[in-house]
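Working notes, structure below.
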Amino acid sequence: MDEREPMLRTEGLSKHFGGLAAVREVALACRVEELHAVIGPNGAGKTTLINLLSGDLAPTAGRILVAGKDVTGLPAHRISRLGVGRSYQKTNIFLPFTGFENCRLSAQSRLQPSMRFFAPAHAHAPTRAAAERALAMAGLEGRAGVVAAALSHGEQRQLEIAMTLATAPRLLLLDEPLAGMGAEESARIVELLKRLRAEHAILLVEHDMDAVFAVADTLTVMVDGAVLATGSPDAIRANRAVQEAYLGSNEADIVSK
Amino acid sequence: MSAAAPGRRAPVAGVAVLLVCLAALLLMPLGVDKFYVQLVTKMMIMAVFAMSLDLLIGFTGLVSFGHAAYFGVAGYVLAYAAPQYQAASLWVSLPLAMAVSGLLALVIGLFVLRTSGVYFIMVTLAFAQMLYFVFHDTKLAGGTDGVYIYVRPDAALGEWAGGWKPFDLENFVHLYYVVLVLLVLTWIFLRRVIDSPFGRVIAGIKVNEPRMRSLGYATFRYKLASFVIAGTLAGMAGYFAAAQFGFVNPDMLGWHLSGSAIMMVILGGMGTLGGAALGAFMMMLLELLFQGLTKHWQLLMGGSIVGVALLLPHGLLGTVAAWWGRRVAAKDSERTDG
Amino acid sequence: MIFPDAFLPYLEPAVDFPTFLIQLLNGVQYGLLLFLIASGLTLIFGIMGIINLAHGSFYMLGAYLAFSLTEGLGSLWLALPAGIVLSVLFGLALEWLVIQRLYARDHLYQVLLTYGLILVFEELRSILWGDDVHGVKVPELLAASISLTDNLNYPVYRLAMSGVCLVLALGLWWVLRRTKLGMIIRAGSVNRDMVQSLGIDITLIYRIVFAAGLALAAFAGMLAAPTSSVFPGMGNQVLIICFVVVVIGGIGSVQGAMIGAILIGLVDTFGKVLTLEVAGFQLLPQLSGVTVYLMMAVILLWRPEGLFGSRGR
């Protein structure tokens, strides 16, 4: 693609839990205007990979660079503040708060200085606007005032994405954003991903193969914690090793997932 | 949160109740004798203490079982600041006492906030106990017996104001109103903190700390700030408690007081400042009532604590608010149906 | 404002060997006693998820039972088994009446409720036994002393105490590691549902663990009664020290409780006999009450989850 330093780059990234290697020597890159999808069977280490990239887990070996800056071993909040937003596979939101407050709190994380003790939080216009924008992007504008616990499962998934967007990230790490969504919401999020690609680098872990092949610029296939192949969707489809290990044997299974 | 949909009208009722309480507190010294004025002064001091703990338990989700340490240490600071048989200057000793308590909370917070959950409960208790032993075992300030503070702090201003004395803390009515003003100021201060961006962050930490971190919040710093604010306010309460009783001893930092403070917060309803204050009043009324009934009043108090833990987890205010919320919701659905 | 005390205990530094040996024995014995109490505390937390502030009250209960039963039955030898039976029954009843209502509740309410229980127990003690200090006679068989030097003796009863504590610690280890019950208990602390799905009645396991933990603390109180006096509030002192033991060792870890208890026993004992002056200020033994907490603070900086704790609890 281009010669600029990618938004995200990893070198030899590994994570061991005791004797088990969950992620092995993963090297990948993701640029702005690129949607890089990571696919692979369950247990391939995709979520662990995201946890390493977001700083939720510390890697055993290897390096992570965000916009050329080495962030290996930094805590999650520092990585987040460098413009990395992540969503979780298992919905991870603030259930007692309204959808709006979930996003407002997310947007507030970008305030400088971050410790503000006196002016009421709800009076700060820029964070309100950012929250409203994020809610609208994820298709939740009509549900802003509803307590998150009262939202449907699909809406909670949308809120998860909205919160990530509200932090104004440059790099998005999305862990199965479509899981548990209905067809209509899924289509909407796929459209959103296409739009976001214009200004973001997106790393997407997803099981919905139709969606993945529809939006991804680059695909990385992981098996047993290691990268099996990386390339364009067409190249991956044609790749013999991928077909054997993953696509070929039981294609119907993956596509339906 | 204040934006919770069904409770929209509850705050209006809450404000009304609050104003009535405030009016009652304002007028009370006019109608009753000294004993009750002093009793309510004590209750208001404990209300400030309970509200400061509520910032931790109810708003940040930090169950501190050592909150009395910051209360007691401030009392000792006053005892130290007061030359024997002379008054300490209020304007010097009060900020000093609060600063010492806040600093102590900062240092202890750096240790205890490395832990969470049950560890946090045990470790806060252990650190408070350590301080208890510092005052109990050494001759720093009277050891087990404690120290008398013979004269209450002097409110006279400096030379620049011609030594003008706006109020006299030796006068029990003056002391009452000073404490009342502090109670109201503490309430306003905490209300503003809770509604501020900082307050929303600690609320988020209480609900889901890992997610706050992945949103970019350095949660440790926020918890530490909350811990220090709570410690400083507890210090203010402890200072006035020592000034009022005219006496400090190691029990002022003891774990029984820490336990009572948790009871106050839960009895009134944690996560609502008014609840913590109400809890302090109720707890002291219960104490008075039980002490009048039997010399084994702690049995009744212990039983009440067990009962509250089992039957009233949301406290008095929480239970009333839930009932109110249900009522409003029921009315709303009637209206939309009709 | 500072009133100098006329009396300030001053002890020579423990340099000569017999004194050192005696303090070492004292420290280990105190540590082993703490282990009996702390192991129950840590098991009840590790397995049932209950933080129990009233655990110190069980120690007090044991001491008062030893006092009354020795008076009534004429001998500590009879009082011990009777006391154990009574405390197990008490544990089963308390779990059934109160504690089982706490399993699903937040730690905050566990703390509040068990704090309330402390007040109740302390007041019941006052009603049943009064507020006087009592003593329990050392049984004659163990009343002798071993002489270390011409003027230094060590009581046999204390040695016997340490022996009994050690045997109990080994027994506990054996039950947890080598028996089916121990296996179920350990599995239950990791995965409650899994144990239940095996058709094992977890509520029964909980009741047994709670009663056993209570009995261990009470037994420690019975053992300690002849060496320390039996007095109001004795449980609370011990409780907070046991918290420190558990924090140092790691919550839920029995080995951790053992290491933590011995460490604290030694630090506390030697803190009381060593003299330490820094820049003219006497730190030890004046501040000996603080040493164990300082040790906890250091360990917290190094390993916030305790020596044997698992991260992320």
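Hydrogens, waters and symmetry mates play no part in the numbers below; they use all other heavy atoms, side chains included. Sequence lines set the chain letters: A, B, ... in the order given, protein chains first and strands last, and positions in each chain run from 1.
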Close approach to chain A in residues 50-64 of chain B, criterion heavy atom under 4.5 Å: none
I'd like a table of donor-acceptor pairs (distance under 3.5 Å, sequence neighbours excluded) in which one partner is a side-chain atom from residues 125-142 of chain A, with atom names and distances.
from     : atom 1 : to       : atom 2 : distance (Å)
A:Thr127 : OG1    : A:His124 : O      : 3.0
A:Thr127 : OG1    : A:His124 : ND1    : 3.3
A:Arg128 : NH1    : A:His122 : O      : 3.1

Indicate the atoms forming the closest heavy-atom contact of A:Ala121 with B:Pro197, along with that distance. CB-N, 3.5 Å
Among residues 79-95 of chain A, which ones touch chain B with a heavy-atom distance under 4.5 Å? A:Ser80, A:Arg81, A:Arg86, A:Tyr88, A:Asn92, A:Ile93, A:Phe94, A:Leu95
Non-hydrogen side-chain atoms of B:Arg211 and A:Glu160 separated by less than 4.5 Å: yes
Against chain B, label A:Arg110 side chain, backbone, both or neither, depending on which of its atoms sit under 4.5 Å from a heavy atom there. side chain
Most heavy-atom pairs under 4.5 Å with chain B, out of A:Ser109, A:Ala150, A:Ala123, belong to A:Ser109
In this structure, are over 12 heavy atoms from other groups packed under 6.0 Å from A:Arg78 atom CZ? no
Do A:Phe118 and B:Phe189 have their ring centres less than 6.0 Å from each other? yes
Contact residues of residues 44-74 of chain A (partner chain B; heavy-atom separation under 4.5 angstrom): A:Asp56
Just do the side-chain contact (heavy atoms from CB on, under 4.5 Å) check on B:Met212 and A:His77 with the steps written out, would you? CA-CA 8 Å; B:Met212 287 303 280; A:His77 66 89; over 6 Å; no
Which value, rounded to the nearest 0.5 Å, describes the distance between A:Thr167 atom OG1 and B:Tyr217 atom OH? 10.0 Å
If you round to the nearest 0.5 Å, how far is CD1 of B:Ile194 from CZ of A:Phe117? 12.5 Å
Between the side chain of B:Ser214 and the main-chain N/O of A:Ala76, is any donor-acceptor distance below 3.5 Å? no
Is there a side-chain contact between A:Gln108 and B:Leu215 in this structure, where contact means two heavy atoms from C-beta onward sitting under 4.5 Å apart? no
